[in-house]
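Hydrogens, waters and symmetry mates are skipped; everything else that's a heavy atom, side chains included, is used.
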Amino acid sequence: QVHVLESGGGRVQPGGSLRLSCATSGRAFTAYTMAWFRQPPGKDREFVAALKRQSGGTSYADSLKGRFTISRDNAKNTLDLQMNSLQPEDTAVYYCAATSSRLITSSLRREELYEYWGQGTQVAVSS
């Protein structure tokens, strides 16, 4: 059983920054392709960013490129999401997801391909 746990959510003013972290248990961290998704209030869950398990290649939602950065710390077994210039529309529950499958770039944003999910962490952007 793989456990996924997010941390780092909270409330921030527009223009501010937050850093989310995700930790996994089980196999070596590099065995998983990891991703962040988010679900804004009243909306469907959407892809944010992903990081491939071995190459470390990344993929981002087009609208978030340049503001969000996904990275991993193999020594700490954590996946991070640095979020800058946050806006009210970034308000959402952010989920970390993992899969042991090797995904091609075009499949990284397909949430149905991730079998392990965290409970989510709330991010609220407001003044």
Side-chain angles (χ1 to χ4, degrees):
Q1 182 67 28
V2 177
H3 297 283
V4 179
L5 182 63
E6 306 96 339
S7 62
R11 181 176 296 276
V12 64
Q13 292 187 340
S17 298
L18 276 177
R19 190 176 185 89
L20 305 182
S21 289
C22 172
T24 63
S25 65
R27 297 165 59 190
F29 194 66
T30 51
Y32 302 110
T33 293
M34 307 287 295
W36 289 97
F37 291 80
R38 69 183 184 182
Q39 187 166 19
K43 296 184 178 181
D44 293 334
R45 190 156 57 188
E46 61 186 22
F47 172 74
V48 174
L51 190 146
K52 292 183 177 180
R53 65 180 192 175
Q54 290 183 323
S55 69
T58 59
S59 178
Y60 294 90
D62 291 342
S63 62
L64 301 177
K65 287 179 182 177
R67 293 198 300 123
F68 287 19
T69 302
I70 190 171
S71 62
R72 70 184 179 192
D73 187 327
N74 292 338
K76 296 181 179 179
N77 275 8
T78 59
L79 178 80
D80 294 335
L81 183 70
Q82 177 67 41
M83 305 184 294
N84 298 326
S85 302
L86 286 164
Q87 301 301 319
E89 54 265 34
D90 295 316
T91 295
V93 178
Y94 283 73
Y95 296 91
C96 180
T99 177
S100 56
S101 300
R102 182 177 296 176
L103 301 181
I104 59 176
T105 301
S106 60
S107 294
L108 290 171
R109 58 191 63 211
R110 294 175 55 188
E111 64 174 84
E112 69 271 22
L113 298 181
Y114 293 85
E115 59 262 41
Y116 308 113
W117 289 82
Q119 293 299 308
T121 185
Q122 177 71 53
V123 172
V125 185
S126 68
S127 54

Between Asp80 and Arg72, does any NZ, NE, NH1 or NH2 come within less than 4.0 Å of an OD or OE carboxylate oxygen? no

Mind jotting down which residue pairs meet the side-chain hydrogen bond (donor to acceptor under 3.5 Å, both in side chains) criterion with at least one end in residues 117-127? Sequence neighbours excluded, please. Arg11-Ser126

Path from Val4 to Tyr114 over hydrophobic side-chain contacts below 4.5 Å: no

Closest approach of Tyr32 to Val2 (non-hydrogen atoms, all atoms of both residues): OH-CG2, 3.2 Å

Salt bridge (Lys or Arg N to Asp or Glu O under 4.0 Å) partners of Lys76, counting only residues at least two apart: none

For Leu113, side-chain contact (heavy atoms from CB on, under 4.5 Å) partners two or more places apart: Leu103, Ser107, Arg110

Which atom pair, heavy atoms only, marks the closest approach of Gly8 to Leu18? O-CD2, 3.9 Å

Please confirm whether the backbone N or O of Pro88 pairs with a side-chain atom of Thr91, one donor and one acceptor, at under 3.5 Å? yes

Quick one: list whatever passes side-chain contact (heavy atoms from CB on, under 4.5 Å) with Arg53, sequence neighbours left out. Thr33, Arg102

Candidate pair Met34 and Cys96, rule side chain to side chain contact (heavy atoms under 4.5 Å, CB included), full reasoning: CA-CA 7 Å; Met34 307 287 295; Cys96 180; 3.7 Å; yes

Which residues share a salt bridge (Lys or Arg N to Asp or Glu O under 4.0 Å) with Arg67, sequence neighbours left out: Asp90

Any link between Val125 and Tyr95 through a network of hydrophobic side chains (Ile, Leu, Val, Met, Phe, Trp, Tyr) touching at under 4.5 Å? no

Show the atom names and distances, to 0.1 Å, of all donor-acceptor pairs under 3.5 Å that link a side chain in residues 39-50 to residues at least two apart or in another chain.
unit_1, atom_1, unit_2, atom_2, d
Gln39, NE2, Lys43, O, 3.0
Arg45, NE, Glu111, OE2, 3.4
Arg45, NH2, Glu111, OE2, 3.0
Glu46, OE2, Arg38, NE, 2.6
Glu46, OE2, Arg38, NH2, 3.1

Note: Gln82 and Ser17 closest approach over all heavy atoms is NE2-CB, 3.9 Å

Specify the closest pair of heavy atoms between Phe37 and Arg109, including all atoms of both residues, with the distance to one decimal. CE2-O, 3.6 Å

Please check if any side-chain donor atom of Lys52 sits under 3.5 Å from a side-chain acceptor atom of Thr58, or the reverse. no

